[in-house]
Amino acid sequence: MSFLSARRTGRRVSRRFTGRDLAVLGVLLGIPVLLDIAIVWGPTLASVVLSFTSWDGIGDITWVGTRNYENLFTNYPQFWPAARHNLLWLAFLGMVAAPFGLLLAVLIDRGARFSRFYQSTLYMPVVLSLAVVGFIAQLVFSRDQGALNAVIGDTDSPTDWLGDPDLNIWMVLLAAAWRHTGYVMILYLAGLKAVDPSLKEAAAIDGAGEAQTFFRIVFPTLRPVNVIVGVITVIESLRAFDIVYAVNHGRNGLELLSVLVTDNIIGEASRIGFGSAIAVVLLAVSLGFVVTYLVQELRGEKNR
Amino acid sequence: MSRRSLLRGTAVGAGAVTLPSLLAACGSGPGGDGKTITMGSNSSDPVPKKAFADAFSAYEAQSGGRKVEVNTVDHNTFQENINRYLQGKPDDVFMWFAGYRMQFFAEKGLLYDISDNWQEYKGFSAALKAQSSGSDGKQYLTPYYYYPWAVFHRKSLFADRGYQAPKTLDEYVALAKQMKKDKLDPIAFCDKDGWPAMGTFDYINMRTNGYEFHKSLMAGEAAWTDKRVREVFDTWRRLLPYCQQGANGRTWQEAATSLQKKEAGMAVFGLPHPGQQFPEGEQSDLDFFPFPVINPEHGQDAVEAPIDGFLLAKKSKSLKNDKTLESAKDLLKWLATGKAEDIYLKSDPNNIAVSDQADISAYTPIQKKAVELVSGAKQISQFLDRDTRPDFSSTVMIPAIQKFISNPNDVDGLVNDIERQKKTIFAAD
């Protein structure tokens with residue numbers, strides 16, 4: 001007996017995993033993998049497949065080849081504006097809101113007067129859902145009863161901030177940036193706090209000016225934060241939906257790809273195939289950004 | 001943890017997830033008790049919700065032990081989920097709209113044929129029957145109330161300034177011109193929600209080209225590039241300078257409020273819209289006239305009056321039980337009486353009954369006038385979005401009309417756009 005058990009112990013040490021360990025591991029890994037396939041990859045693949053079919057949600061699913069895509073690119077007036085608006089959203093948040101957030105973070109970090117007050121005020125919108133920001137934007141920008149027109153005394157021929165298709169996207173972008181700036185600011189503030197003060201001192205001793213210190217010393221050490229800000233900006237821009245939906249259901253100048261997807265899929269007599277095709281386009285655009293980002297990151301790792 | 005206990009745990013976990021739904025499925029039983037009728041309601045607003053509750057409890061009181069169990073869902077959610085709802089586990093009876101929007105589901109086999117009920121219904125006009133019938137000629141809907149569309153205005157404003165209700169388009173334009181001189185916005189106008197301007201489109205179209213053309217246009221038969229459609233947009237363009245500017249940024253509530261505040265002189269609306277925005281004391285000041293004549297050949301024959309009603313869901317499990325089916329049909333028969341409609345309208349005076357047996361003596365003057373308008377109509381249209389495929393109206397027509405409002409000059413481009421998209425959508429099946 002003792003001989004047997006000794007042998008068994010020996011084997012256990014040499015194999016490290018028993019059959020039972022493997023089974024437990026298999027189940028524990030298997031469940032998340034299955035869940036991932038079932039609720040992430042499954043629907044994704046289903047959308048891709050459905051985008052080549054025509055289906056109203058009730059009747060038969062018929063194969064139509066690439067007709068949905070041809071239709072989308074040539075015969076759907078809302079598509080190109082929506083694609084443009086998504087890119088505009090990305091550009092605006094990335095090149096205006098994010099740098100502005102950085103600027104605010106730097107100012108607050110340098111200890112301007114009442115900086116705690118500014119910090120909390122600027123951060124406040126971040127706790128609001130974008131849908132709520134949309135409702136607030138309506139209170140401010142509405143043509144007849146909005147605060148903005150009342151403040152600037154524009155009553156004879158008031159500007160239709162949210163109804164004019166050339167204007168409203170900018171107003172909504174302002175509202176979205178209002179929230180995004182605070183978000184970015186907090187991230188950079190955390191990053192700035194982590195910058196080693198001795199680096200700045202060293203730079204000062206070497207005779208670097210304020211600007212030089214910032215751009216040569218501080219900003220490069222913020223690289224991890226920059227990456228995070230980049231990622232959330234891309235995500236925020238591509239998933240933008242709630243604010244325009246709250247304002248006017250994403251129509252008349254506020255089209256976004258995400259809105260077109262829901263417009264076509266949700267509701268009676270849905271055009272599920274056509275909506276899926278739009279979703280696939282959105283997926284392709286997102287993948288474009290994800291892949292670029294991953295490639296950059298992996299290269300960066302190697303060079304370091 | 002051993003593998004066995006882990007597996008056992010997983011099995012218990014899976015059971016915990018599936019068991020309640022199994023239990024729920026058993027609990028309601030395959031056929032119900034034959035006396036309880038479930039009702040899917042989209043009346044989530046407080047006024048209609050209470051009015052329907054009154055009507056159902058009146059039914060229960062006289063039904064000899066039958067019960068109506070109401071499941072209320074937010075109006076928009078109900079509308080957006082109707083596909084899945086009717087295919088899944090719908091209630092026995094549900095509230096929905098007449099016309100094309102009903103026919104669509106009838107064609108898909110999701111509704112019970114209630115033609116036998118209709119043989120007993122009294123007090124319904126032929127136009128009502130037509131709107132309650134599927135394309136196969138069978139009836140599927142029990143209509144309950146409707147709300148006509150017209151040009152609304154304030155009596156006191158018209159009296160003060162000596163305005164006369166116009167009869168023809170030229171008089172309408174002349175009146176609008178006069179209002180503009182008097183520093184009013186002649187026509188309150190809004191389309192932020194995407195649908196309110198459709199009423200104006202429908203009326204201009206039916207007055208210019210008649211109800212039959214409206215029907216074939218909505219059914220996808222007539223072409224949008226037809227010169228008759230261009231004529232509609234041309235007439236509309238003539239009216240736009242007198243409409244409130246910035247319509248795409250204005251909700252119907254805001255437009256109705258400007259009518260109420262006497263900042264605007266007139267507005268094309270359905271009866272409940274200004275009705276809900278006018279305070280109690282000013283309700284009696286609200287008045288309307290039918291949309292003016294454009295082409296004498298069609299006069300004011302057609303009235304736009306969306307109909308709401310009740311239908312039986314084919315997929316409802318408990319309707320498989322004959323007793324429940326009988327109860328549900330009994331409920332519909334009761335709801336089809338003038339008396340049942342009276343009970344509802346007592347709490348919700350912004351609509352009018354469909355039955356000519358309803359007691360109109362309790363109506364407000366404007367309701368009485370609305371009854372006259374509808375009963376004098378040669379044809380009753382539903383609203384644009386109820387007279388055509390919903391995917392066409394929401395993904396094509398809403399953006400198209402909003403585009404027309406912000407840029408009314410490119411009618412050719414607009415109708416070509418609509419026609420091209422219409423072809424792909426109507427060809428989808």
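Both the backbone and the side chain of A:N75 have a heavy atom closer than 4.5 Å to some heavy atom of chain B. Heavy-atom distances place no part of B:I405 under 4.5 Å from chain A, backbone and side chain included. Of the atoms belonging to A:L25, not a single heavy atom falls under 4.5 Å from chain B. The contact between B:Q402 and chain A is made by backbone and side chain atoms together, counting heavy-atom distances below 4.5 Å. Proximity to chain A is absent for every atom of B:N407, based on heavy atoms less than 4.5 angstrom apart. Neither the backbone nor the side chain of A:T159 comes within contact range of chain B; no heavy atom of the residue lies under 4.5 Å from a heavy atom of that chain. Heavy atoms closer than 4.5 Å to chain A are found in the side chain of B:R250, but not in its backbone. Heavy-atom distances place no part of B:K403 under 4.5 Å from chain A, backbone and side chain included.
If you tally non-hydrogen atom pairs under 4.5 Å between each of B:E263, B:E254, B:Q244, B:Q79 and chain A, the highest count goes to B:E254. The residue among A:N252, A:D60, A:L162 with the most heavy atom pairs within less than 4.5 Å of chain B is A:N252. Considering only heavy-atom pairs separated by less than 4.5 Å from chain B, the leading option among A:P158, A:P165, A:G163 is A:G163.
Two residues are said to be in side-chain contact when any heavy atoms from C-beta on lie closer than 4.5 Å; B:T395 and A:Y76 meet this criterion. Within the 4.5 Å cutoff, no side-chain heavy atoms of A:D160 are placed close to those of B:Q245. Two residues are said to be in side-chain contact when any heavy atoms from C-beta on lie closer than 4.5 Å; A:P77 and B:Q421 meet this criterion. Counting heavy atoms from C-beta outward, B:K108 and A:D56 have side chains that approach closer than 4.5 Å.
Here the CZ atom belonging to A:R143 is positioned 11.5 Å from the CG atom belonging to B:N248, to the nearest 0.5 angstrom. Here the OG-CD distance, from B:S258 to A:Q145, works out to 8.5 Å after rounding to the nearest 0.5 Å. Taking CZ of A:F274 as the reference point, atom OG1 of B:T424 lies at 7.0 Å (rounded to 0.5 Å). One finds the CD1 atom of B:I398 at 11.0 Å from the CG atom of A:N248 (value rounded to the nearest 0.5 Å). To the nearest 0.5 Å, atom CZ of residue B:R420 and atom CG of residue A:N71 are 9.5 Å apart.
Closest of all the heavy-atom pairs between A:V247 and B:K192 is O-CE, 2.8 Å.
Residues of residues 134-142 of chain A lying under 4.5 angstrom from chain B, judged on non-hydrogen atoms, are A:Q138, A:S142 by number.
A donor-acceptor pair shorter than 3.5 Å can be found between the side chains of A:S270 and B:N83.
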